[in-house]
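Beneath this line is the structure, given in structure tokens, with notes to follow.
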Amino acid sequence: MSDKTKLVLIDGNSITYRAFFALPPLSNSKGQYTNAAYGFTTMLLRLLQDEQPTHLVVAFDKGKATIRQEIYADYKGTREKTPSELREQFPIVREILNSFDIPYVELEGHEADDLIGTITKQAEAAGYDSLVVTGDKDLLQLVSDRVTTMLTRKGLSETEKYTAGEINERYGLTPLQIIDLKGLMGDTSDNIPGIPGVGEKTALKLLAQFPSVEEVLQHADEAPGKKLQEKLREHAESALLSKRLATINRDVPIDVNLEALRFESYDAGKVRDMFKSLEFKSLLDRLPEGGTESEAVADAPTHQQIETLMINVGELPEIIDSLPQAVGLHLDLEGNYQLGEMHGLAIATGESAWYLPLDGALPEQVVALMQNADKMKVFYDVKAVCTALKTRGIALDHNAFCTLLGSYLLAPSDGAPDLFDVIDRQIGWKIDPLPKGTPKKKVEVSLQDRARVAGAIAAANVLLKEQVEQALLEANLMPLYRDLELPLSFVLADMEHSGVRIDTDELKEIGENLRGRIEHLQAEIHELAGVEFNLNSPKQLGEILFDKLGLPASKKTKTGYSTSADVLEKLAPHAPIVQKILDFRHLGKLLSTYVEGLLNAARKQGDMFRVHTQFNQALTATGRLSSTEPNLQNIPIRTEEGRRLRHVFVPTDASWKILAADYSQIELRVLAHISADESMIDAFVHDEDIHTRTATQVFEVSPAEVDSNMRRAAKAVNFGIVYGISDFGLSQNLNIPRKQAAQFIESYFAKFPGVKRYMEDVVEQARKDESVSTLLGRKRHLPDIKASNFNIRSFAERTAMNTPIQGTAADIIKKAMVNIQGVIKRQNLRARMLLQVHDELIFECPPEEIEALTELVRREMEQVIELSVPLKADINVGDTWYEAK
DNA sequence: GGCAGTTCGCCC
DNA sequence: GACGTGCGAACTGCCA
């Protein structure tokens with residue numbers, strides 16, 4: 001029925017509030033925060049489209065002296081003050097509504113809830129159908145035959161509509177009983193007390209028995225459990241008060257003419273002007289054409305407006321000449337950037353794009369562009385491009401901008417930014433990615449599609465650069481980006497391109513040996529178990545050990561028994577099968593992950609095999625690198641058996657050497673510096689064994705009295721400090737009770753008061769800024785530091801303590817890498833940097849360079865930055881990585 | 001057969 | 001009630 005009336009009522013406060021916390025704190029070029037207004041607007045546009053309302057109104061809270069506060073002074077008493085970044089957006093939301101000609105209501109001393117309740121009551125009487133849009137479950141109480149409530153779920157993007165039937169299905173309650181629910185359980189966010197200890201589950205159980213708060217209280221004696229009965233009696237008043245607070249007032253003295261809420265259409269031109277001034281670029285293409293747009297507002301085009309022109313090599317020089325100094329580029333690669341096929345190159349300004357198909361070989365005009373130092377070449381991933389070009393014998397000029405690296409430094413906790421996400425988030429272009437093929441099934445992609453996507457990415461890069469650059473400047477991150485991370489990209493590209501030589505014959509031999517022993521172990525285990533089963537299946541293993549053999553199960557996982565090593569180690573003395581399983585696991589890990597993994601990754605180059613890892617420079621929350629395909633940052637060292645694998649990492653030439661340089665205790669030295677703890681600084685200045693020193697302090701003994709257990713415990717505590725683990729984590733590591741672990745930490749802090757003070761200060765600072773920084777200014781956002789959930793907040797607090805330590809150590813070694821590579825190049829050494837493993841660097845060099853390399857690496861690593869304690873690098877040389885220890 | 005989720009274990 | 005990080009192998013259950 002198209003003539004039916006449909007009134008949509010939006011809870012303006014609730015939706016704006018939710019939008020604010022759901023979206024990152026974006027601001028536009030005028031410095032206005034707009035994330036909440038933006039989120040509200042996306043919701044509004046969606047409602048207009050999906051619901052086709054005939055009538056529309058938005059309600060806002062107004063004033064402080066609400067009726068509820070008269071009843072209960074502490075109402076909303078615990079709520080944090082609305083942040084100014086949010087407060088300043090309410091006027092923007094009202095302006096946006098004005099541009100749509102959508103009416104809004106507010107009344108001094110009343111909340112939006114009550115206004116919505118009152119209007120829906122009148123609408124019901126007039127025979128309108130209403131839809132209430134909110135993030136607040138309280139409004140479910142308004143639901144009736146004529147009123148539906150739409151609730152937002154996590155963020156704003158998902159919503160759920162509730163009719164009376166759905167409320168019954170979800171809660172087993174009538175809409176009005178939602179009030180009773182809240183009366184019993186209360187609401188921490190509004191500081192409505194309810195009955196302490198009664199949550200949703202208990203409240204629902206009670207209401208299933210008796211229909212209302214009053215009845216529940218009358219029959220308190222019949223409630224399950226003595227404690228609950230007592231609480232019901234004790235807090236009866238509170239429950240009744242809470243019910244009153246939760247009841248929406250549907251008779252607010254407000255004069256609403258329903259017909260004035262009629263909404264037919266809006267002037268798209270007016271709205272477009274509004275969006276442009278707020279810089280809601282991505283929302284522009286959701287508006288219809290036409291309207292009375294003012295011409296004064298200039299704007300970047302949307303990606304649909306960018307047509308990518310197919311060109312040939314001959315046209316390239318002329319286009320390049322016409323380009324501005326910063327050129328958006330995208331190298332269209334398929335698959336792994338080291339090996340993958342190069343399909344083409346897209347070149348763009350923010351307004352136009354061109355696509356040059358390539359078939360393997362790079363024409364000289366492209367090479368010229370890549371080596372043109374006068375143009376700033378803007379890529380999404382400079383390291384990938386640089387490496388891809390290196391494999392084709394071309395050196396990318398270093399006058400480049402990396403939008404990936406910049407985006408990462410702005411928000412490192414998000415993990416590796418996805419190209420299409422970044423573009424959508426920052427510019428609002430929704431580019432359909434190309435379909436992904438699999439090794440099995442290749443998908444044919446037309447050249448036109450390739451051009452469309454590559455062209456859009458190249459053009460997006462130009463706009464992204466502007467935004468990222470600006471944001472880096474504002475966040476004081478430009479020096480970190482320009483002087484450290486971007487130069488490091490080129491060093492990493494060198495390393496990835498070099499690769500490391502692998503002795504595959506040796507590796508295969510190790511593999512054969514392991515395979516034989518694994519098969520033998522497997523046969524023995526099956527024999528002992530009396531049945532053949534899949535030893536690699538934790539599920540089957542658990543059934544054998546704990547059901548069939550009846551061993552005591554100590555730990556459970558989500559899906560069944562835990563069979564992890566720490567569980568099995570405790571069982572080993574009781575049954576011989578267990579040690580064999582542990583051995584099987586250990587050897588199996590070495591075989592599948594390392595022997596087979598490395599063999600799969602090794603590529604034949606001339607007469608030798610090499611592995612070329614990829615370092616991810618834009619992924620970790622702390623600023624460390626990570627390594628993939630293969631991961632060369634987790635090659636075994638702890639057990640001799642595993643450590644042997646390092647024999648297969650050999651120099652390019654048999655006469656060359658491997659040189660390994662590792663920072664000694666870099667994290668603890670960083671901690672000593674930033675905490676300025678006297679005792680700790682003293683230990684490092686005198687180059688003492690820090691774990692022994694910690695043991696003497698914590699256990700109050702002389703250095704000679706420190707036994708191996710004390711040192712081990714002290715080491716675990718230091719380890720815990722560096723990695724930000726909890727008392728729980730420490731107790732797991734040391735296999736001691738949580739209480740004892742907490743005591744260790746306490747006595748540690750008593751002996752290192754400077755460290756304690758630092759930990760307290762950094763958490764306080766994190767609460768203030770919602771972020772922490774490293775010595776070189778790397779930032780990590782920590783919104784969870786204000787979480788109400790204890791676990792989430794505690795985690796954020798440990799992160800606040802740990803990130804400056806781990807992140808500063810990452811800064812330091814990165815800087816050393818850039819400096820070392822600079823010296824190697826300037827001195828024309830043949831030595832090559834091969835790997836970085838968080839606190840160590842691996843090189844190879846001809847024998848005659850050993851001395852020079854040792855000297856320069858030590859100097860650059862130790863002198864890279866001046867701290868209040870010395871930095872120390874241990875350097876070892878050998879014929880293989882194993883021997884360089 | 002592909003995908004996501006889980007468990008396990010390696011490194012710093 | 002589950003808590004430093006990241007990568008990857010293998011299994012499992014689910015989908016087509």
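Sequence lines set the chain letters: A, B, ... in the order given, protein chains first and strands last, and positions in each chain run from 1. Just so you know, these numbers come straight off a predicted model, no measurement behind them.
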With respect to the side chain of [X], which nucleotide from [options] is positioned closest?
X         : options                   : answer
Lys589(A) : dC7(C), dC10(B), dA9(C)   : dC10(B)
Ser592(A) : dA10(C), dT12(C), dC11(C) : dA10(C)
Ser726(A) : dG6(C), dC3(C), dA9(C)    : dC3(C)
Thr557(A) : dT12(C), dC12(B), dT7(B)  : dT7(B)
Pro636(A) : dG9(B), dG1(C), dC10(B)   : dC10(B)
Leu619(A) : dG6(C), dA10(C), dC12(B)  : dG6(C)
Asn634(A) : dC12(B), dC11(B), dC8(B)  : dC11(B)
Thr628(A) : dG8(C), dC8(B), dC11(B)   : dG8(C)
Pro538(A) : dC12(B), dT5(C), dT7(B)   : dT7(B)
Ser537(A) : dT7(B), dG4(C), dT12(C)   : dT12(C)

Quickly work out the [X] [atom1] to [N] [atom2] distance and round it to whole Å.
X         : N       : atom1 : atom2 : answer
Ile637(A) : dC12(B) : CD1   : P     : 5 Å
Leu590(A) : dA10(C) : CG    : C1'   : 15 Å
Leu582(A) : dC10(B) : CG    : P     : 10 Å
Arg793(A) : dA2(C)  : CZ    : C1'   : 15 Å
His586(A) : dA9(C)  : NE2   : P     : 17 Å
Phe584(A) : dA9(C)  : CZ    : P     : 16 Å
Lys558(A) : dT12(C) : NZ    : P     : 17 Å
Gln836(A) : dG6(C)  : CD    : P     : 15 Å

Name the nucleic acid region contacted by [X], choosing base, sugar-phosphate or nothing; use a 4.0 angstrom heavy-atom cut-off, strictly under.
X         : result
Ile792(A) : nothing
Phe728(A) : base
Asn802(A) : nothing
Arg798(A) : base
Asn616(A) : nothing
Ser627(A) : sugar-phosphate
Arg624(A) : base
Ser562(A) : sugar-phosphate

#### Entry: Residues Asn718(A), His691(A); criterion side chain to side chain donor-acceptor pair (under 3.5 Å); working and verdict
CA-CA 7 Å; Asn718(A) 281 330; His691(A) 301 316; 3.0 Å; yes

Does [X] make a side-chain N or O approach to OP1 or OP2 of [N] shorter than 4.0 Å?
X         : N       : value
Thr563(A) : dC8(B)  : yes
Thr593(A) : dG9(B)  : no
Thr622(A) : dG4(C)  : no
Arg585(A) : dG9(B)  : yes
Thr620(A) : dT5(C)  : no
Gln540(A) : dT12(C) : yes

### Message
Does Arg603(A) form a side chain to side chain donor-acceptor pair (under 3.5 Å) with Gln338(A)? I'd like the steps, not just the answer.
### Response
CA-CA 11 Å; Arg603(A) 311 206 289 251; Gln338(A) 292 171 349; 3.2 Å; yes

### Task
On the 0 to 90° scale, with breaks at 30° and 60°, tag the Phe546(A)-Tyr561(A) ring pair as parallel, tilted or perpendicular.
tilted

Does the side chain of [Y] come within less than 4.5 Å of [X]'s, by heavy atoms?
X         : Y         : result
Ile635(A) : Tyr882(A) : no
Val650(A) : Ile658(A) : no
Leu568(A) : Leu545(A) : yes
Asn876(A) : Lys885(A) : no

### Query
Does Tyr594(A) get its side chain close enough to the base of dC10(B), under 3.5 Å, for a donor-acceptor pair?
no

### Message
Does Asn631(A) contact dG8(C) through a side-chain donor or acceptor facing the base, at a distance under 3.5 Å?
### Response
no

## Note on the structure
Across every strand shown, the nucleotide meeting Watson-Crick or G-U wobble geometry with dG4(C) (both distances under 3.5 Å) is dC12(B)

### Task
Taking atom P in both dA2(C) and dT7(B), compute the distance separating them and give it to the nearest angstrom.
11 Å

### Query
Roughly how far apart, to the nearest Å, are dA4(B) and dT5(C) at atom C1'?
22 Å

### Task
Determine, step by step, whether Asp583(A) and Gln579(A) satisfy the side chain to side chain donor-acceptor pair (under 3.5 Å) criterion, reporting the C-alpha distance in whole Å, the side-chain angles of both residues, the deciding distance to 0.1 Å, and the verdict.
CA-CA 6 Å; Asp583(A) 293 344; Gln579(A) 186 55 51; 3.1 Å; yes

